[in-house]
Structures are given as structure tokens and as C-alpha cells.
Amino acid sequence: MSAPRLYEDWTGNIVNGADIRSLDPGAVRAARAAFCERFPDRAEESAQWDDATFLSRAGVFKRGKVTVAALILLGKPGERMIPPSVCIRWRLLDPDGATVDSRTFEGPAILSSTHAVSMIRNWSCRVGPEGSESVVSAYRTATLLEAVRNAVVHQDFGLGGTVEIVERENESVTVISMGSFPDRSPESFVTGPPQGAPRRNAFLYNAMAGLGVIPAAGSGIRSMYLSQAHRRFPMPDFDILGERVAVRFHGMRGGSYARVLDLREDLDLKTVMDLDRVAKNRYVPDRRLKALVRRGLVDMIGDLPCIASGAGQEVASAYTSGTDQDAVMDLIRTKGYVTRADVAEVLASRDSKELTEEQLRVKATNLLQTMRKAGLVQKSDGSTRSARYVLSDGPHD
């Protein structure tokens, strides 16, 4: 006797009365484009197939007939052959949590997911060490789209099919779906071995992988972490509560965590994940915490770990006595010179007001100008951002 099935895969059912005319032509074109982009070696061959053949070979149709998965991904909104709850809903919240805008996207998920993500407000941020910064967007559109489609494919349709996107203005984006999470931590998908296809909605999963709209290797969570680390943003936060899974992407960066990622290019993903945990006051195993301390990335204040202000750079975190001016003078005597970035780092180690990176830069610039006028330092070489300042003998205007 075979083992009982843990989940009835509704998405693989054939829909009586549905045919190729039940599908949105624009969605089918988008599916073909995604297929050719993911499988370029099959692009020429697939161009010769009619739509029904294409969808059958991609695994969206079953025995040449329309499935529930086909209607979820490609179905016309007005066909009403699947529950209206199968949709994507976007909401925009103000800083106090009040809803200021919302929209529901029905119809083919291959298009509605793109339309929903396009509603999310984005802006540019500077990352990297001063003098060699690069500009990135607060959110990587491809990562958000992957998260939304990941929510669609893992949704427990028996609990409702709506995927929620909650955007908190200028702060974060959270993607929410219904259904339990596998019995392992999200981080284990990043650091552990690759996982096979999920038990839930296996037909839909294979159909989306067959079209090339999600990665076939089950590496979605890992790619989310990699994307955030590459762009030097906080790691995604997973909130798993019973039959509800939410993943939040931070659109804000700052503080000691951002400074470490900007100034250190030798950090592997596991180290970045541990630093993210320290920054968010989450538990880090003792062995890994001690490794961060040995590398100069974390300081212990009693039993409390915090990211080191120097973070393993040349700028020491010891310049905390006396005035700001005294600390800069001490650093010049030790190092021979300072840059504006060095001064900002010293100020950050002394800062009790949690100034932003831009505020620290302005404060460093003003301090150096004051010290120049007082005849304490002079500019030796370099542009404004990368200039080196050394001890001087007299006042300089």
C-alpha cells in the first residue's frame, strides 16, 4: 500500500471546458520571452511551435490540456475558472502603518507579478568606500519579482490564494503568502545543500521552472541573500508563523553594519549574515561570535556583542578620549596622515547620537576645515574626497 499523500496538488488538475482561448495572449508572449531568455539554445526551436505545443513541452499543459497551473500563470482575468482569491495585492503604508494606497492585480500571474512589483517605490543609494562609491537602487527589482513568484508557487491555495505585498514607505517591502514553511531555517537554504522541488504545488513549480520564470534548482532564498549582500544591504528577514510566511527586504542602510560592508570586500556570505544578526540583536552561536571578535569585526561590551567601529580597518576604535580634534591629531601622529573617511570613522566610533553616514561626512569635513584654519593640519595631496591631511606648522585659509 502506498504512503498517503501529504498534499493534494490542485495545480496539476485539468480544467474541463478550458482551452487555449482561455489564456491571455500577452501572458503567453511573456512566457515565450522568459523561456527564450532562460533557455537560449532552444529559442529557435520553440519559435516553430504553436502555443499549445509550447505550453505542453514546457510542462504547463498536461496531456495537451489546460491545467489549473496554466490558468494561474496565463489565464484571462474574466474566465472565472479559478477562485478570485488567486491574485496579488499591493499596499503602501505610511511610516505610522496607515494604508495610503492599494491595488489588486488579478489575471495571469506571469504579468500581475511584474505589474505589482512595478508599483513599489524605489530610489538610489550610494554604497562603497568614500571616493569610490557606486550607486544602487534601494530594491533590486529582479529580487522582489523572484520573491513574489516564489510566494505564488509555494502558496497553500486551500488557505486562500492571495499573495500580499506590503510596502512601508521609504523603509521596507514585505511579501506574504499562506502556507507552512519547510522544517528548517531560511538560512539553511543559503548555507546548506540545494533543495529539490517542493511537495506543495509541484506541478505549478515545474511549470514555472519549465517556462524559466523561477530558477529550477530551488535556489530562490539563497539568491535573495546574495543580492542583498552584493548590494551591501541588510539581509532579508523571514517571519514564519504557523500557516503564514513573510519575507521583508530593507530599503534603508546605515550604521556600523553598512560601514563594515562598504569598507571590507573580503567578507564571505556567512560572515555578512552573522554581522547582520549582530546588528539586529539576534543570536549568533558562540563559536562564530568569537571568530568575528578575533577578526576585529565585533567588540564585546560585557556580554553584549556590537559591530566594531573600526571593523578591522587601519582606523583604530581606541581614539575615544579627549575632544574630536584630539582624536584626529592622535590618529595623524600614529598613521602619518588622515583622509576624510578616516576622520568620519573616528567620529563614528565616538558618536553617541547615531549620526547617519552623510552627517558624519559633513561633520568630518567641517572638523578638517576648522583644524586647517587653526593651523593644525594641511592638505598634502588628493582631491576633496580622497585628500590626505598631515600635521602643519601654521594657519592655512
Side-chain angles (χ1 to χ4, degrees), residues 1-25 27-28 30-32 34-35 38-39 42 46 49-88 105-113 146-163 177-183 194-221 243 245:
M1 182 175 178
S2 61
R5 297 183 63 179
L6 297 179
Y7 187 87
E8 184 65 32
D9 188 7
W10 170 69
T11 66
N13 291 350
I14 292 172
V15 181
N16 294 325
D19 57 29
I20 197 70
R21 295 170 296 179
S22 305
L23 308 185
D24 184 285
V28 175
R32 283 184 175 272
F35 180 87
R38 183 63 63 90
F39 311 110
R42 302 183 67 186
S46 65
W49 304 335
D50 61 26
D51 289 342
T53 301
F54 165 69
L55 295 172
S56 293
R57 296 191 180 184
V60 182
F61 281 7
K62 180 185 285 186
R63 297 190 294 276
K65 297 183 178 180
V66 175
T67 60
V68 170
L71 292 178
I72 291 173
L73 294 174
L74 308 169
K76 289 179 179 176
E79 291 296 294
R80 301 298 182 190
M81 294 185 176
I82 55 176
S85 61
V86 181
C87 61
I88 300 172
F105 298 87
E106 300 177 335
I110 198 170
L111 297 181
S112 61
S113 56
E146 186 167 352
V148 172
R149 289 178 173 173
N150 196 53
V152 170
V153 75
H154 293 296
Q155 183 87 319
D156 187 337
F157 292 101
L159 299 173
T162 304
V163 170
S177 61
M178 299 302 295
S180 59
F181 196 80
D183 189 20
Q195 298 298 297
R199 291 175 178 169
R200 184 184 297 125
N201 305 330
F203 191 91
L204 176 61
Y205 179 94
N206 290 328
M208 294 178 75
L211 290 175
V213 297
I214 60 170
S219 57
I221 292 178
E243 300 296 327
V245 178

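Between Glu146 and Pro215, the shortest heavy-atom contact is OE2-CG, 3.5 Å. Of all heavy-atom pairs between Val245 and Gly179, the closest is CG2-O, 3.3 Å. The shortest heavy-atom contact between Gly64 and Ser56 is CA-OG, 3.6 Å. Contact between Ala69 and Phe203 at its shortest, heavy atoms only, is CB-CD2, 3.7 Å. The minimum heavy-atom distance linking Ala31 with Leu74 is given by the pair CB-CD2, 4.0 Å. Shown here for Glu243 and Ser180, the closest heavy-atom pair between the two residues is OE1-N, 3.4 Å.
Annotation: side chain of Phe157 is in contact with side chain of Asn201 (closest heavy-atom distance under 4.5 Å). Using a 4.5 Å heavy-atom cutoff, the side chains of Ile14 and Arg63 are in contact.
In this structure, Leu211 CG and Asn206 CG are separated by 11.0 Å, a value rounded to the nearest 0.5 Å. How far CE of Met208 is from OG of Ser113: 7.0 Å, rounded to the nearest 0.5 Å. Taking CZ from Arg149 and OG from Ser112, the interatomic distance works out to 8.5 Å, rounded to the nearest 0.5 Å. The CG atom of Asn13 lies 9.5 Å from the CG atom of Asn16; values are rounded to the nearest 0.5 Å. From Trp49, atom CH2 reaches atom CZ of Arg32 across 8.5 Å, with rounding to the nearest 0.5 Å. To the nearest 0.5 Å, atoms CG (Asp156) and CH2 (Trp10) are separated by 11.0 Å.
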Test Leu55 against Phe35 for side chain to side chain contact (heavy atoms under 4.5 Å, CB included), laying out the working first. CA-CA 10 Å; Leu55 295 172; Phe35 180 87; over 6 Å; no
Check step by step if side chain to side chain contact (heavy atoms under 4.5 Å, CB included) holds for Val28 and Ile110. CA-CA 9 Å; Val28 175; Ile110 198 170; over 6 Å; no
Under the criterion side chain to side chain contact (heavy atoms under 4.5 Å, CB included), I'd like the reasoning laid out for Leu23 against Asp51: C-alpha separation, chi angles, the key distance, then a yes or no. CA-CA 10 Å; Leu23 308 185; Asp51 289 342; over 6 Å; no
Verdict with supporting geometry, Tyr205 and Asp9, side chain to side chain contact (heavy atoms under 4.5 Å, CB included): CA-CA 11 Å; Tyr205 179 94; Asp9 188 7; over 6 Å; no
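No side-chain donor-acceptor contact under 3.5 Å links Arg38 to the backbone of Ala209. Side chain of Lys62 to backbone of Gly12: a donor-acceptor contact under 3.5 angstrom is found.
Every residue was checked against the side chain to side chain donor-acceptor pair (under 3.5 Å) condition with Ser46, not counting sequence neighbours, and none meets it. Remark: Asp19 pairs with Arg21 by the salt bridge (Lys or Arg N to Asp or Glu O under 4.0 Å) rule, at least two apart or across chains.
Partner Leu71 forms a side chain to side chain contact (heavy atoms under 4.5 Å, CB included) with one of Asp24, Val66, Val86 and no other, that one being Val66. Applying side chain to side chain contact (heavy atoms under 4.5 Å, CB included) to Gln155 and the options Thr11, Asn150, Ile72, Val163 leaves one that passes, Val163.
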